[in-house]
2 protein chains.
Amino acid sequence: MVRVTITQVAVHAGVSVASASRALNGQIASAKTIAKVQQAAEELGYVADATAQSLKLGRTNQLAYAVADIGNPVYVEMMTAIERVVSASGYRLVLSSTGTSSSSVDVVRDLGRGYVDGMILSPLRVTDELLAALAKTPTPVVVLGRLPDSAKLDTVRADSITAMRLLVDHLVEEGRGDVVFVNGPSDTTPGALRRDGFAAAVAAHPAISARSVGADDFTIAAGYAAALQVLQERPRPDAIVAANDLIGIGSIQAATDLGLTVPGDIAITGVDNTELAGVIRPGLTSVDLGAEERGRVAAQLLLARIVEPNRPAHTVTVAPSLVVRGSSLARSQDPAASPPSHRTEAIDFNDERAAR
Amino acid sequence: MVRVTITQVAVHAGVSVASASRALNGQIASAKTIAKVQQAAEELGYVADATAQSLKLGRTNQLAYAVADIGNPVYVEMMTAIERVVSASGYRLVLSSTGTSSSSVDVVRDLGRGYVDGMILSPLRVTDELLAALAKTPTPVVVLGRLPDSAKLDTVRADSITAMRLLVDHLVEEGRGDVVFVNGPSDTTPGALRRDGFAAAVAAHPAISARSVGADDFTIAAGYAAALQVLQERPRPDAIVAANDLIGIGSIQAATDLGLTVPGDIAITGVDNTELAGVIRPGLTSVDLGAEERGRVAAQLLLARIVEPNRPAHTVTVAPSLVVRGSSLARSQDPAASPPSHRTEAIDFNDERAAR
DNA sequence: TCGAGTGTTGTAAACGTTTACAGTGAATGC
DNA sequence: GCATTCACTGTAAACGTTTACAACACTCGA
């Protein structure tokens with residue numbers, strides 16, 4: 001089956017290509033012409049070539065989502081939300097992995113080739129080079145993450161400060177007073193932000209004692225190793241705030257292997273509220289950074305900018321919400337009392353204080 | 001910043017557009033011309049327009065991955081593998097969700113618009129309409145899943161028969177004799193295949209007793225509900241084979257809530273070997289259907305077909321592998337003896353018997 | 001000195017659309 | 001009956017590339 005062009009449709013219908021195009025696109029044309037052309041298109045199985053249309057119309061109906069590590073559940077959640085918005089608006093979504101071959105900078109430079117009408121970028125780290133490339137690109141870009149204010153770009157960010165404060169406040173309310181933050185690598189953007197957020201949160205509670213340690217990675221194994229060490233120090237802390245759910249799960253396993261009960265001997269919390277947090281026993285209390293909402297908002301910002309290229313840059317901060325499960329309840333409570341988690345409606349403290 | 005075309009580069013360099021194009025694409029040209037053109041391109045910040053090139057060259061350098069429910073971990077794993085292969089070959093990957101707006105059939109029809117050079121399709125269910133659309137489309141398609149032999153298409157499939165036999169054989173070896181298969185909806189393709197696989201597997205063991213029940217969905221909650229019922233029947237079975245990991249996890253939770261020990265009172269296995277299987281306690285024995293490999297192979301088949309459109313259709317069946325964790329060990333063994341799973345090198349029975 | 005050969009360049013067509021513009025015929029107003 | 005409008009249609013240009021083909025200049029051998 002070879003390509004059938006609008007020219008063939010036109011001759012088959014006995015009209016000019018212009019009339020054929022108009023008839024097919026609902027432009028002005030006589031009823032008779034429309035009928036003839038539509039029948040001819042039908043008979044020949046005509047479908048308009050997307051590339052030719054793109055060239056002529058100056059838009060591709062494609063948007064890109066560029067992220068370092070697709071496969072990371074948080075990014076997948078964002079992607080799913082983005083895909084929903086994007087496809088509902090008639091755009092296709094192309095995936096640009098910045099991890100494999102090309103860096104964020106290359107990806108942004110490549111935007112100049114015009115293969116998409118816009119991009120949502122979730123950069124690993126923000127370099128001057130990247131900022132320069134972003135400033136120069138003619139294609140709209142929405143950035144997921146933190147950017148210097150000088151960059152006049154649409155941005156969607158999580159609120160790590162509030163997120164960590166939700167966790168620390170919760171632990172204090174549950175009677176904990178000696179908290180250790182188990183971070184991932186702090187030279188990454190999330191690592192740095194969560195560490196700072198934790199520091200700010202504990203500063204608001206002068207009565208408690210707190211410190212930070214670093215795991216080698218944002219993984220279960222690294223969290224296990226770090227927690228194993230933390231839990232063997234004396235005096236033993238009564239709470240671990242893990243920088244993400246994987247580290248939190250590793251910490252729970254370390255505690256269990258040491259014969260400690262969670263939350264009896266030690267309270268443990270995570271960040272990201274992944275599916276894992278609900279599956280493990282006890283359920284892992286976790287703060288949800290709103291990945292789904294961030295993805296959705298980013299997509300909406302991008303669509304809005306495409307419609308109106310010169311609107312002022314928006315920065316949206318998505319409010320985190322605390323999801324309390326068994327791993328952080330007060331010692332006094334009976335952990336066995338917590339019902340099976342798949343039926344549990346986890347308590348959700350949606351925080352209204354977060355910046356809008 | 002507006003678009004700079006090759007024409008502008010040409011005048012700036014004082015040559016014709018043809019020479020400019022040749023100089024930039026490494027075609028035949030004098031050293032002097034190449035230098036002039038490259039400098040002009042540099043100065044003007046020229047980048048070739050992808051759409052115009054696509055139109056002229058008749059290829060888009062894009063491949064599509066169409067799947068019902070992106071967000072499902074199994075599909076994400078495939079997607080990651082596909083992305084790796086595809087981007088290494090210089091293609092972009094576009095994501096076509098068949099769930100949201102359009103059906104598989106629409107997606108395949110849309111291929112005629114030529115916005116990609118090929119597609120990897122993972123259809124929800126295979127209808128005659130879909131087969132007809134596939135037969136008609138001019139664009140190469142590789143199908144992930146089962147297809148009638150009459151469809152002369154490249155196909156990559158999992159081996160459910162062998163997968164279920166690995167599980168049943170394993171349970172029998174571990175001394176189980178009364179096995180219940182907790183399926184998801186059996187009107188789905190995986191549901192039907194796994195049910196048939198289970199039936200075939202138990203047929204090879206006349207000594208054991210076996211039956212099937214259906215959960216409402218492939219979810220933890222549905223698995224919990226179904227298992228709760230199964231486990232309260234008398235005589236109680238000594239093993240549950242769940243149709244996927246989520247149902248398996250729900251089953252473990254149901255057993256725990258009923259005061260049963262796993263694997264002491266009941267052995268439980270899953271399918272897919274998701275991350276969850278390693279996180280839950282006890283670890284869930286699961287058979288890995290090779291999602292990563294299926295994705296990779298599908299991408300390779302697609303690339304090969306693009307290079308050689310008339311090669312005969314290939315069907316590749318990927319061998320499953322059994323990953324044994326604590327949930328299915330023999331009663332005699334001490335479940336507490338199983339080491340913390342993140343350190344566990346799970347035993348992996350890669351099955352050589354599976355078709356290649 | 002001329003012809004053939006070689007290496008480079010320019011002209012123009014082509015990819016498949018959309019659309020500005022001019023042109024056609026019929027209907028209408030005077 | 002003629003001019004004006006109107007609704008529609010066709011011609012051709014344009015989007016930004018690549019490339020077939022012809023043209024050119026130059027070298028070399030006879």
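In what follows, chains are A, B, ... by sequence order, proteins preceding strands, each numbered from 1. Just so it is clear, the model here is predicted, and its values are computed rather than measured.
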Presence of B:T33 side-chain N/O under 4.0 Å of C:dT8 phosphate oxygens OP1/OP2
no
Contact list please: residues 51-59 of chain B against DNA chain C, heavy atoms, distance less than 4.0 Å, in numerical order.
B:L55, B:K56
Are the side chain of A:S19 and the backbone N or O of A:V15 linked by a donor-acceptor pair below 3.5 Å?
no
Verify, without hydrogens or angle tests, whether A:R294 (side chain) and A:T317 (backbone) share a donor-acceptor contact under 3.5 angstrom.
no
Would you find a donor on one side and an acceptor on the other, under 3.5 Å apart, between the side chain of B:R109 and the backbone of B:S104?
no
Sub-3.5 Å donor-acceptor pair from the side chain of A:R305 to the main-chain atoms of A:R311, do we have one?
yes
Looking at every strand, decide which applies to A:V47 at a 4.0 Å heavy-atom threshold: base, sugar-phosphate, or nothing.
sugar-phosphate
Using only atom types and a distance under 3.5 Å, with no angle test, would you say the side chain of A:T80 pairs donor to acceptor with the backbone of A:V76?
yes
For DNA chain C, the residues among residues 13-24 of chain B that have a non-hydrogen atom under 4.0 Å from it
B:V15, B:S16, B:A18, B:S19, B:R22
Donor-acceptor contact below 3.5 Å, side chain A:R157 vs main chain A:R146:
no
Go through the structure and list residues passing side chain to side chain contact (heavy atoms under 4.5 Å, CB included) with A:S21, not counting sequence neighbours.
A:I6, A:N25
If you fit an axis to the five pairs at each end of the helix from C:dT1-D:dA30 to C:dC30-D:dG1, how big is the angle between those two axes, to 10 degrees?
70°
Verify salt bridge (Lys or Arg N to Asp or Glu O under 4.0 Å) between B:R296 and B:E77, making sure each step is shown before the conclusion.
CA-CA 10 Å; B:R296 181 162 36 81; B:E77 198 178 339; over 6 Å; no
Strictly under 3.5 Å: I want the nitrogen or oxygen pairs between protein and nucleotides 22-24 of chain C, one per line.
none

Of all nucleotides in DNA chain D with an atom under 4.0 Å from a non-hydrogen atom of chain B, which is the first and which the last going 5' to 3'?
D:dG16 to D:dA20
Could you grab the distance from atom CZ of A:R92 to atom OG of A:S87, nearest 0.5 Å is fine?
12.0 Å
Which residue is it: B:V107, B:D69, B:V67, B:I70? I am looking for the one with a side chain to side chain contact (heavy atoms under 4.5 Å, CB included) to B:T98.
B:V107
For B:E129, is the CD atom crowded, meaning more than 12 foreign heavy atoms sit under 6.0 Å from it?
no
Taking A:Y91's backbone N and O only, do any of them form a donor-acceptor pair with A:S89's side chain (distance below 3.5 Å, no angle check)?
no
Ignoring hydrogens and angles, tell me if any N or O in the side chain of B:T137 forms a donor-acceptor pair with the backbone of B:L134 under 3.5 Å.
no
Strictly distance-based, threshold 3.5 Å: is any side-chain N or O of B:D117 a donor or acceptor partner for the main-chain N or O of B:R59?
no
Closer than 4.0 angstrom, basic N to acidic O: yes or no for B:D49 and A:R113?
no
